[in-house]
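Following: one structure in structure tokens, then a few remarks.
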Amino acid sequence: MKEVTRHVVFLLTFLMGSSSGIELNSGYCLGTQCFSVSGDPSDFTTARDQCRDRGGHLMTVRSSVSQDVLNILLGNITGRFWIGLHLPAGCPDPAADLKGFQWVTKDSESDFLHWAQSFDSSCTAHACVSVSEEDDFKWTQESCAEHAAGFLCEYSFSDPCRGLAAAEGEYVLYTTPMGFMGEDLLSLPLGSTAVLMPAETNYVCFNEEWIQAPWSCEIHEGGCEHKCTVNANHESTCYCPPGQTVNPANNVTCEVMVDDPCLPLRCAHACIKNGDSYECTCEQGYKLAQDGRSCVDLDDCRDERQCPGENFVCVNYIGGFQCVCMDGYAPIGDQCVDVDECASAPCEHLCDNTPGSYACSCYDGYKADPKSMHKCKLHCGVEECPAECDPNDKFQCYCPEGYISEERGEHTVCIDMDECENLYCDQACKNTFGSYVCSCYPWYTLVGEFACVKNEDGTDGGSGEGTIPSIPTAPPVPHPTPTRQPSAVTVGGLVAIIVCTVFFIVFVVFLAHHTLSGKGKLESSGEMKAAEEEAHGLQTVASDA
């Protein structure tokens, strides 16, 4: 029973909510159809849309019975009113029964015709139809853009309730989900309410039967004049404001109480009669606290029967709950339908929609970026692979991270870099395709992916390979520009070679200069020695002489 009443709530919410903003003057129900007249001036398109938004359509007058209903609804009202007959396109056809016109239900069947004698069959004739009491409700052509005095709507339903029987001196006032009221309705749709006067006993139409109030608190406060709650026996019951009590004759209306037995109880929400005594109770969505008078929030979502629809989830809030769609689903009508996330292009390459979600994938030569799974980055997976080059510029090529480009004739390839040569790891290093892995010697533990810390307890903390680290220095450029002459010499090595060469040249120059200087000194010393010897010889000769 509770499951079915929830559907009634949804139906009532939809029907009552959709009728807001439209002034309904009167209505009439017969069999499994209801008809209403609205005094809202509007053009034909607006009138058609308003009927459709309320779950019906502009009235189709296909039989003499429908014409009689039209006469009842408009019998004392002046002005022109739209009905659901119009010319969809082209020119009128005077030979046809509906003269080329069509009902808003998109068919041309009709057992009743009531055209005005002034019918215009020219191709410039007006394409919409209205009726009025002044010309005996004849079908009269009108411009669809004109504002008529109002319009007539038609609704269909199933499982109707027959009118309530009233004894002498009693009468029944009905209210339909379409929003109009009446006393002489012969058939009522699901969700209609009835008030039996003068006792003021309330009823609701459900499954072809009238259920007396208080019914489920989820439907129009259970039919209560003030508010509805659920007692300890899980039964709906009405309660009234302080100083008033529920009328025992109908169990829904409130009447003034001379001596209020609820005042001493100091109930936080409401007070109800239970047998011969009174007790505190709480509003819908709350439960009575241990002190017997306070109210605390009731987690409605603990009841698995809440939100029974597929892909619905229950969200509890203070004083109630709400049924919402699961992530990846959107409400359409009373269902939660899967959202095609791929329509908004969330993936950089390929997208595969799944129930409630989606999955991204990459083209060949790429892999998902671990930092952002909806993006893709170049991937090689071997020591050498072709570079990704701009088709309009063969020299604008890119390599995966951890690879360097090299030109080979007309082609550019990507070669794996050996990051271990750069001493990124504290101890051991293993080169991998596009990256590297650090590890530690025994009795050391890998910390921060590349650092090794000695174990204080002297145990072997595990010297196995660690995870792929992030290079602590400047990482290799993801998309390097291809070089004309590939070389394994780094920038630092090149600078060192240049410096060593300069020092070598300076050293050679210095050595040459030193050598030449020494030779000159030796020659000078020899000449002086020869001169001295010659002088000494001359001196000796002179002495002998």
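Every heavy atom of this structure was used, including side-chain atoms; hydrogens, water molecules and symmetry mates were not.
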>> For C376 and C362: C-alpha separation, side-chain torsions, deciding distance, then whether disulfide bond (SG atoms under 2.5 Å apart) applies.
In response: CA-CA 6 Å; C376 296; C362 301; 2.0 Å; yes
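- Of the two cysteines examined, C301 and C307, the SG atoms fail the criterion of being under 2.5 Å apart.
- Between the N247 side chain and the C254 main chain, no donor and acceptor come within less than 3.5 Å of each other.
- The salt bridge (Lys or Arg N to Asp or Glu O under 4.0 Å) analysis of residues 222-250, with sequence neighbours excluded, yields the pairs K227-E283.
- Under the 2.5 Å cut-off for SG-SG separation, C238 and C224 qualify: their sulfur atoms lie closer than that.
- Less than 2.5 Å separates the SG atom of C347 from that of C360.
- In this structure, the side chain of W215 engages the main chain of I219 through a donor-acceptor pair within 3.5 Å.
- With hydrogens and angles ignored, the 3.5 Å screen pairs no side-chain donor or acceptor of Q306 with any backbone N or O of D303.
- Under a 3.5 Å cut-off, the side chain of S187 and the backbone N or O of G31 do form a donor-acceptor pair.
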> So C280 and C271, disulfide bond (SG atoms under 2.5 Å apart) or not? Walk me through it.
Replying inline: CA-CA 4 Å; C280 294; C271 174; 5.9 Å; no
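- Listed for the N316 side chain is a donor-acceptor partner under 3.5 Å among the backbone atoms of D300.
- Proximity of E109 to R62: side-chain heavy atoms (C-beta onward) are separated by under 4.5 Å at one or more points.
- Pairs passing the side-chain hydrogen bond (donor to acceptor under 3.5 Å, both in side chains) check and including a residue from residues 72-82, sequence neighbours excluded, read R80-S130, R80-S132, R80-D135, R80-T140, R80-E142.
- Put simply, the side chain of D338 gets close to the backbone of G356: a donor and an acceptor are under 3.5 Å apart.
- Listed for the W139 side chain is no donor-acceptor partner under 3.5 Å among the backbone atoms of L113.
- Between H349 and Y363, the ring planes lie parallel to each other; the angle is under 30°, not in the 30° to 60° tilted range.
- In this structure a side-chain-to-backbone donor-acceptor pair under 3.5 Å is missing from R293 to L265.
- Between the side chain of N250 and the backbone N or O of A199 there is at least one donor-acceptor pair closer than 3.5 Å.
- A distance below 2.5 Å between sulfur gamma atoms is met by C295 and C282.
- No donor-acceptor distance shorter than 3.5 angstrom exists from the side chain of H126 to the backbone of D120, with no hydrogens or angles considered.
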